[in-house]
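What follows is one structure encoded as structure tokens, with my remarks underneath.
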Protein chains: 2
Amino acid sequence: MVKALVFDAYGTLFDVHSVRDECNRWFPDKGEAISQTWRDKQLNYFFLRQLTERYKPFDQVTKEALRYACKANEATLTSEAEDALMEAYRNLELFDEVEEVLSVLGDKRLVVFSNGSPTMIDPLIQRSNISGYIDEVLSADEVKQYKPVPAAYSYAQQALGLEKEDILFMSSNPWDITGASSYGFRTAWINRNGLPKEELDIQPEVEYDSLSGLLEWKNS
Amino acid sequence: MVKALVFDAYGTLFDVHSVRDECNRWFPDKGEAISQTWRDKQLNYFFLRQLTERYKPFDQVTKEALRYACKANEATLTSEAEDALMEAYRNLELFDEVEEVLSVLGDKRLVVFSNGSPTMIDPLIQRSNISGYIDEVLSADEVKQYKPVPAAYSYAQQALGLEKEDILFMSSNPWDITGASSYGFRTAWINRNGLPKEELDIQPEVEYDSLSGLLEWKNS
């Protein structure tokens, strides 16, 4: 029996590419490209900083990735634009089905577990329509390590005070699902982008194309 | 005074995208896309396996990345094609200037240091025109860790028996240069693709657009 439903935030509950409009406002016609490079570089920097043991919090990494994305797309980032785009990252849009799905899961313990540091993830949740459904928000920043290292998932497990198999973890990010599965959580891959299955010796328990799949899981 | 010139192999001495022709032979018109996804996924899997503590040797990771790349590009990979493409990865082409540059650096200790496991990197070097110039080939597989973690560079340093500052490390891969710089090697980023400088608090000592820059460095 699963006792906690644990959700990744960025890309899973919230659409990181909903910054596209704000990007387009500052950099006409380059919003799509900048948003894509921003996210790719952000993930690259998480991995790289973890591997080289140079941890910095999510907000700094996200800012550095934004600066890189603008350079890579030949856009000049003023400090005004930087502030506005970082603020947009605290106001990302929920994916369409999220609010409805969470509203019917109220009998479960609902948790967000993110690499986002509190200055980024807390306002994002609080300002959203799902804040009333979320029982806890956990940040890997607490242990200064990023998912997908085992120490990050271990922190979440300790914070929840549950056995690994009591936890169902959901993420759209393949690397996050691999990390959580490898650590020992039960996992549901929310494969929003229709990506191929990873060619790895560790796989999620189930795969859905949106969080709506959870309703099916709940009733199974 | 630098005592050893240490070169990354894949992307730095050898063009990983020289498999494009072999990819096109098996998958007409998809060679470019498959080659690109193959390399991207290979790097992704190195990072992910290191972070989740699931080390496997380079040949297995490269094969898994190839399988993913074919799925992602809707190409059916027969075992015959897989063998041929893996063999192509042991016959990558040198970048144009490499042979000439190495030929005039004969007074230095010339070393290759790669994530490639011996079954992949050894034949690649031996069959190439630079085998006569290379004094040693070191593989991070020896310590079952991939660059860019400190333990990988530490292994290379121990194997060379030199102080960190006696070693000039060269790579075209930004993550590799970040890792080596962070560990304490002297570093030259061979920025073959004209990428923007990383937005990180650690930077290479010098940057060149090809290995020919080394001749300038040698005379400085």
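Below, each value reflects all heavy atoms present in this structure, side chains not excepted, and no hydrogens, waters or symmetry copies.
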Winner by heavy-atom pair count (cut-off under 4.5 Å) against chain B, out of [options]:
options                               : value
A:Ala72, A:Pro150, A:Gly179, A:Ala65  : A:Pro150
A:Asp201, A:Val149, A:Thr52, A:Leu195 : A:Asp201
A:Lys63, A:Gln60, A:Gln50, A:Glu64    : A:Glu64

Which heavy atom of [X] sits nearest a heavy atom of [Y], and at what distance?
X        : Y        : value
A:Pro118 : A:Ser139 : CD-OG, 4.0 Å
B:Thr12  : B:Ser172 : OG1-N, 2.8 Å
B:Leu92  : B:Asp15  : CD2-O, 3.7 Å

| Between the side chains of A:Asp141 and A:Asn115, does any donor sit under 3.5 Å from an acceptor? | no

| field | Aromatic A:Phe95 / basic A:Arg192 pairing, under 6.0 angstrom, 45° off normal | value |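 Satisfied, under 6.0 Å and within 45°.
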
| Heavy-atom pairs under 4.5 Å with chain A, option from B:Tyr68, B:Tyr183, B:Phe47, B:Tyr153 with the top count |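 Option with the top pair count is B:Tyr68.
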
| request: Specify which of B:Thr178, B:Val61, B:Leu48 makes the most heavy-atom pairs with chain A at under 4.5 Å. | output: B:Leu48

| Side-chain ion pair, B:Asp8 and B:Lys147, N-O less than 4.0 Å | yes

| Do any of residues 18-45 of chain B come closer than 4.5 Å to chain A, heavy atom to heavy atom, and if so which ones, in number order? |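 Within residues 18-45 of chain B, the residues under 4.5 Å from chain A are B:Lys41, B:Asn44, B:Tyr45.
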
| task | Anything under 30° is parallel, anything over 60° is perpendicular, the rest tilted; go ahead and classify A:Phe113 against A:Tyr155. | result | tilted

| said: When you measure from the side chain of A:Arg109 to the backbone of A:Leu160, do you find a donor-acceptor pair of N or O atoms at a distance under 3.5 Å? | reply: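 Yes; at least one donor-acceptor contact below 3.5 Å.
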
